[in-house]
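See structure below.
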Protein chains: 2
Amino acid sequence: MKGLLKEKNFSFAVDCIIFGYDGQDLKLLVIKRSFEPFKGKWSLVGGFLEDDESAEEAAVRVLKGLTGLDGLYMEQLHCFSEPKRGGAERIISVAFFALIDIQKYNQQINEDYHPAWFSINQLPELIFDHSAIVELAKEKLRYKAALHPLLFELLPDKFTMPQLQSLYEAVYNMEFDKGNFNRKLLSTKLLEKLEDKDMLNSKKGAFYYTVNLKKYSAGFKTFLNFVSSQYINE
Amino acid sequence: MKGLLKEKNFSFAVDCIIFGYDGQDLKLLVIKRSFEPFKGKWSLVGGFLEDDESAEEAAVRVLKGLTGLDGLYMEQLHCFSEPKRGGAERIISVAFFALIDIQKYNQQINEDYHPAWFSINQLPELIFDHSAIVELAKEKLRYKAALHPLLFELLPDKFTMPQLQSLYEAVYNMEFDKGNFNRKLLSTKLLEKLEDKDMLNSKKGAFYYTVNLKKYSAGFKTFLNFVSSQYINE
DNA sequence: ACAAAAGTGTTATGGGTACACCCATGC
DNA sequence: GCATGGGTGTACCCATAACACTTTTGT
């Protein structure tokens, strides 16, 4: 409140926590830093804010630069502003987490950044406070996905119930009863059963589904409490 | 990613959304701006970040300056960074929402800011994008309070069940069955019944309770889903 | 005695859980 | 025809919701 002009001894940046799923594990996409400080170390993808863009727009730009993809699911996580987050200069950063379909990503990948996927359970050391940021992102992902149909963003457009179940099991590190899982998800009315089956992963084959998130608000209530009670008690 | 030096054509600030409860309505504390631009208009309390403090620390400082109170419940809401949020200069702001007991506040109030409480349903016009920020804060408060025992922060240390129920009813704009409400809240084991009664608001009198949030994690599961299913369907 | 509000009891319903069972296919 | 994993049926349990009922006090 001391008037509008302040010295600004800091920069403003965004960092992206990018989650993917490979059919086995929940994964995080990180890059190998190509410049000092900490050249060669693993880091979240990030970038500085331009004068004419919001943090959201910066995050979209950064994500597109790395993944080549537009229109990803993205959400603001938190603003990290501790004066000593790491590094010499003070950088205030807004973190975003994004969910992407690994297959789509693989078609568009930008190798300039030397990106790599790590299983969420075996992350390498990251620079600055990025490890803590990722922890918070994992927590928020689990929290939010327990109440909202988010995780579909990690799967291809067509997926089977066993695939979906595996994904949830990977995210929550727990197992679900397949009968109850099926019923619960179908009861949301968000899924549409297709006519063809995936015959690769089992003899009988599993029907494909697509998700229709237009029905989302109607289906919200049934998502509430999904996973939650078990997850919280683990 | 263009190197570490950038021109910084913006300031960095915090804004506080302060909720209170007067026994009737959920209220918002705003101040009358004492300087240009928009002198005399209603505004959230805020302030610029100092060089050696985080946004959280700045918010605590700002809150203490206005309310005289320390140790308030406070939570980071969102970072607002649109280039044209309002005002000539570009200001990036992290919003925090805080919950305070109106009685305690009244003892410590700092009149310099010309503060005023407004019912959440009859808010005046606020400067810049503050009205939108408040909307988001209301949403988040309702969302989070449906799953976590937050609202106690708005009440005195001693409160009665009817008071607590009125608070929930004010926050969610709906009515609850007192029997079910009592059972639900007592089942969390977070409340301790005291021996004395409030004899002012009814003939029979209502027992006072205190809340023991140390037991919080244990009580979490029982809070999940509280209010939620009704609230979401409204 | 009566009104008013606090607080308890009772019952029906629906969702969650566990687990048994059936089904389609490849080998 | 048998093993494998997809998919369905079912019975129990418990939380919720609705609402009737009792209790305590002031007037």
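Order of the sequence lines sets the chain letters (A, B, ...), proteins ahead of strands, with each chain counted from 1.
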*Is the ring centre of A:H148 less than 6.0 Å from the ring centre of A:Y73?*
no
Check for a donor-acceptor pair, side chain of A:E169 on one end and backbone N or O of A:F176 on the other, with a separation under 3.5 Å. yes
Result for 5'-nearest mapping on DNA chain C, choosing between A:M199 and A:G179, is A:G179
Test side-chain contact (heavy atoms from CB on, under 4.5 Å), reference B:I18, set B:Y105, B:F96, B:F97, B:W117, output is B:W117
Given the options A:L151, A:L191, A:L185, A:T188, A:V211 meets side-chain contact (heavy atoms from CB on, under 4.5 Å) only with A:L191
Between A:D70 and the options A:K104, A:K64, A:R61, the salt bridge (Lys or Arg N to Asp or Glu O under 4.0 Å) test singles out A:K64
Side-chain atoms of A:A206 come closest, of D:dG7, D:dA18, C:dA18, to D:dG7
**OP:** For the pair A:D129 (side chain) and A:A132 (backbone), establish whether a donor and an acceptor sit closer than 3.5 Å, ignoring hydrogens and angles.
**Re:** no
Picking from C:dG7, C:dA5, D:dA18, the nucleotide nearest the side-chain atoms of B:N180 would be D:dA18
Atom CG of B:D177 and atom C1' of D:dC21 are separated, to the nearest Å, by 13 Å
B:Q165 CD to C:dT8 P, in whole Å, measures 13 Å
Rounded to whole Å, the OH-P distance (A:Y209 to D:dG6) equals 12 Å
Between its two end axes (five pairs each) the helix from C:dA1-D:dT27 to C:dC27-D:dG1 turns, nearest 10 degrees, through 10°
Heavy atoms of B:K204 and B:M199 approach each other most closely as O-CE, 3.7 Å
Separation of C:dA6 atom C1' from B:D196 atom CG, nearest Å, is 16 Å
Between CZ of B:F176 and C1' of D:dA18 the distance, given in whole Å, is 15 Å
From NZ of A:K178 across to C1' of C:dC19 the rounded distance in Å is 11 Å
A:D198 CG to D:dG5 C1', in whole Å, measures 12 Å
- Main-chain N/O of B:K27 paired to B:D25 side chain as donor or acceptor, under 3.5 Å: no
Taking D:dA15, D:dG7, C:dA5 as options, the one with an atom nearest any side-chain atom of A:N182 is D:dG7
The nucleotide from C:dG15, D:dT10, D:dG6 with an atom nearest the side chain of A:R183 is D:dT10
Exercise. Distance-only, no hydrogens or angles: does the A:Y209 side chain make a donor-acceptor pair with backbone N or O of A:L186 under 3.5 Å?
Worked result: no
Rounded to whole Å, NZ of B:K184 lies from P of D:dC14 at a distance of 15 Å
query = Judged by atom type as modelled, is there a donor-acceptor pair below 3.5 Å linking the side chain of A:R85 to the main-chain atoms of A:I92?
reply = no
Within residues 156-164 of chain B, those residues having any heavy atom closer than 4.0 Å to DNA chain D are none
Anything under 3.5 Å between a protein N or O and an N or O of nucleotides 22-24 of chain C, put it in a table, one pair a line.
from: C:dC23; atom 1: O2; to: A:K204; atom 2: NZ; distance (Å): 3.1

Quiz item: Are A:D15 and A:S93 linked by a side-chain donor-acceptor pair shorter than 3.5 Å?
Solution: yes
By nearest-heavy-atom nucleotide on DNA chain D, the more 5' of A:L186 and A:N201 is A:N201
Test side-chain contact (heavy atoms from CB on, under 4.5 Å), reference A:L154, set A:L26, A:D22, A:I102, output is A:L26
